[in-house]
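Below is one structure, written out as structure tokens, with a few remarks after it.
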Amino acid sequence: MSLLPLTIRDPEKPQTLEDLNVVYEDGIFVQEPTENNVQVVRVEFNPTVPHCSLATLIGLCIRVKIERNIHHRLKLDIFIKKGAHATEEEINKQINDKERIAAAMENPNLRELVEKCIMEE
């Protein structure tokens with residue numbers, strides 16, 4: 001199962017996350033479905049700089065885009081590539097916490113940013 005290409009624009013640049021090598025095929029790990037028929041997908045991404053202030057937004061965009069485009073039971077884990085960001089542990093917690101994700105998507109400004117980044121042309 002390939003998740004790329006999933007067109008997600010960088011929040012600050014005109015290129016896609018794939019164009020900038022923020023997301024890349026080698027960073028996608030798919031496990032066979034469990035006995036409950038749930039497939040586990042882990043997506044690793046690499047922010048362009050170690051202090052990227054938009055890494056949480058990028059992770060949220062990746063999550064929303066995949067969840068909207070995969071139509072079967074899925075456990076999705078999204079992580080910053082090990083050593084690629086100054087606050088990777090905190091960001092990893094945020095983008096994998098269902099309550100924080102739901103709260104973020106209730107914010108109209110944040111939701112609009114996500115929608116702009118994941119919008120198909």
query = Should the heavy atoms of other residues, nucleotides or ligands under 6.0 Å from CG of N36 be counted, would the total exceed 12?
reply =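 Correct, the count exceeds 12.
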Close side-chain approach of [X] and [Y], heavy atoms under 4.5 Å:
X    : Y   : result
I118 : R68 : yes
I62  : I8  : yes
Q39  : V30 : yes
I80  : P47 : yes
F45  : I95 : yes
I58  : P11 : yes
R9   : Q15 : no

ask   = Which residue, I78, V114, L54, forms the side-chain contact (heavy atoms from CB on, under 4.5 Å) with L60?
value =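 Of I78, V114, L54, side-chain contact (heavy atoms from CB on, under 4.5 Å) with L60 is met by V114 alone.
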query = Hey, quick one: are F79 and L20 part of the same hydrophobic cluster, counting side-chain heavy atoms closer than 4.5 Å, chains of contacts allowed?
reply = no
State the [atom1]-[atom2] distance between [X] and [Y], to the nearest 0.5 angstrom.
X   : Y    : atom1 : atom2 : value
N92 : D77  : CG    : CG    : 10.0 Å
Q94 : E90  : CD    : CD    : 4.5 Å
L76 : I66  : CG    : CD1   : 5.0 Å
E12 : C52  : CD    : SG    : 6.5 Å
K93 : R100 : NZ    : CZ    : 7.5 Å
L57 : L113 : CG    : CG    : 5.5 Å

inquiry  = I need the minimum non-hydrogen distance between N46 and A84, along with the two atoms involved.
reply    = OD1-CB, 3.1 Å
ask   = For M105 and R111, which heavy atoms make the closest approach, and how far apart are they?
value = O-NH1, 2.8 Å
ask   = Do you see a donor-acceptor pair shorter than 3.5 Å between the side chains of T87 and H85?
value = yes
inquiry  = Using the rule side-chain hydrogen bond (donor to acceptor under 3.5 Å, both in side chains), only one of E18, E44, K81 pairs with Y24; which is it?
reply    =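 That would be E44; it is the only one of E18, E44, K81 passing the side-chain hydrogen bond (donor to acceptor under 3.5 Å, both in side chains) with Y24.
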message = Can you tell whether the side chains of K75 and E67 come within less than 4.0 Å, N to carboxylate O?
response = no
message = Whether E120 and K65 form a salt bridge (side-chain N of Lys/Arg under 4.0 Å from carboxylate O of Asp/Glu) is what I want to check.
response = yes
message = Test side-chain contact (heavy atoms from CB on, under 4.5 Å) on T7 and M119; report intermediate values, then the result.
response = CA-CA 8 Å; T7 306; M119 180 176 55; over 6 Å; no
